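Below is one structure, written out as structure tokens, with a few remarks after it.
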Amino acid sequence: MAKVPAAAVAASGLVGGYGVARWTEKRPLGGVALAAAGSLAAYEWNRQAGPRAATALTVAYVAAFAGSHPLAKKVGAWPAVFAVAGGVAVASWAVTRRAGR
């Protein structure tokens, strides 16, 4: 089975969680998608880079979710979601890449 990078899982969780909440008009359902992807990403971060890195990246994931809300008021919802998803993906890639060396 092909491995999906944790960076892609985390970014997909942020984008997908928002998309599910928006399209179904059920915010808790979006939260389930966000949490599921975040949990899978955290598991991979822990496996690849250890518990400290996993904790830091999980905090970044949650902060990105929270930060997307005020950012959306300035740039719009989708641009804000894509911006924070990209930020989390880059951070994840950098941390797991460094740990793999």
Side-chain angles (χ1 to χ4, degrees):
M1 182 193 281
K3 280 182 52 173
V4 177
V9 172
S12 298
L14 290 161
V15 173
Y18 175 69
V20 167
R22 181 161 182 151
W23 291 316
T24 65
E25 297 181 1
K26 294 182 180 2
R27 294 179 73 179
L29 198 55
V32 169
L34 178 80
S39 296
L40 180 57
Y43 172 81
E44 283 301 314
W45 291 328
N46 185 54
R47 194 180 65 72
Q48 294 173 15
R52 290 180 68 189
T55 300
L57 288 168
T58 300
V59 167
Y61 184 78
V62 173
F65 166 70
S68 69
H69 292 82
L71 182 60
K73 292 180 181 178
K74 296 182 186 303
V75 300
W78 281 112
V81 170
F82 286 128
V84 300
V88 168
V90 168
S92 174
W93 175 79
V95 170
T96 57
R97 179 174 177 255
R98 189 167 305 172
R101 289 183 177 188

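Quantities reported herein were computed from a predicted structural model and do not represent experimental measurements.
Under the salt bridge (Lys or Arg N to Asp or Glu O under 4.0 Å) criterion, Arg52 pairs with no residue, sequence neighbours left out.
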Got a list of side-chain donor-acceptor pairs under 3.5 Å for residues 9-19, not counting sequence neighbours?
from, atom 1, to, atom 2, distance (Å)
Ser12, OG, Ala8, O, 2.7
Tyr18, OH, Arg22, NH1, 2.6

If you look only at distance, which donor and acceptor atoms sit under 3.5 Å apart when one is on a side chain in residues 75-88 and the other is two or more places apart or in another chain?
none

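Asn46 contributes atom CG, which lies 11.0 Å from atom CG of Leu57 (distance to the nearest 0.5 angstrom). Annotation: the span from Thr58 atom OG1 to Trp45 atom CH2 amounts to 5.0 Å, rounded to 0.5 Å.
Counting only distance, with no hydrogens or angles, the side chain of Tyr43 and the backbone of Gly38 share no donor-acceptor pair below 3.5 Å.
Contact detail for Ala42 and Ala54: the closest heavy-atom pair is O-CB, 3.9 Å.
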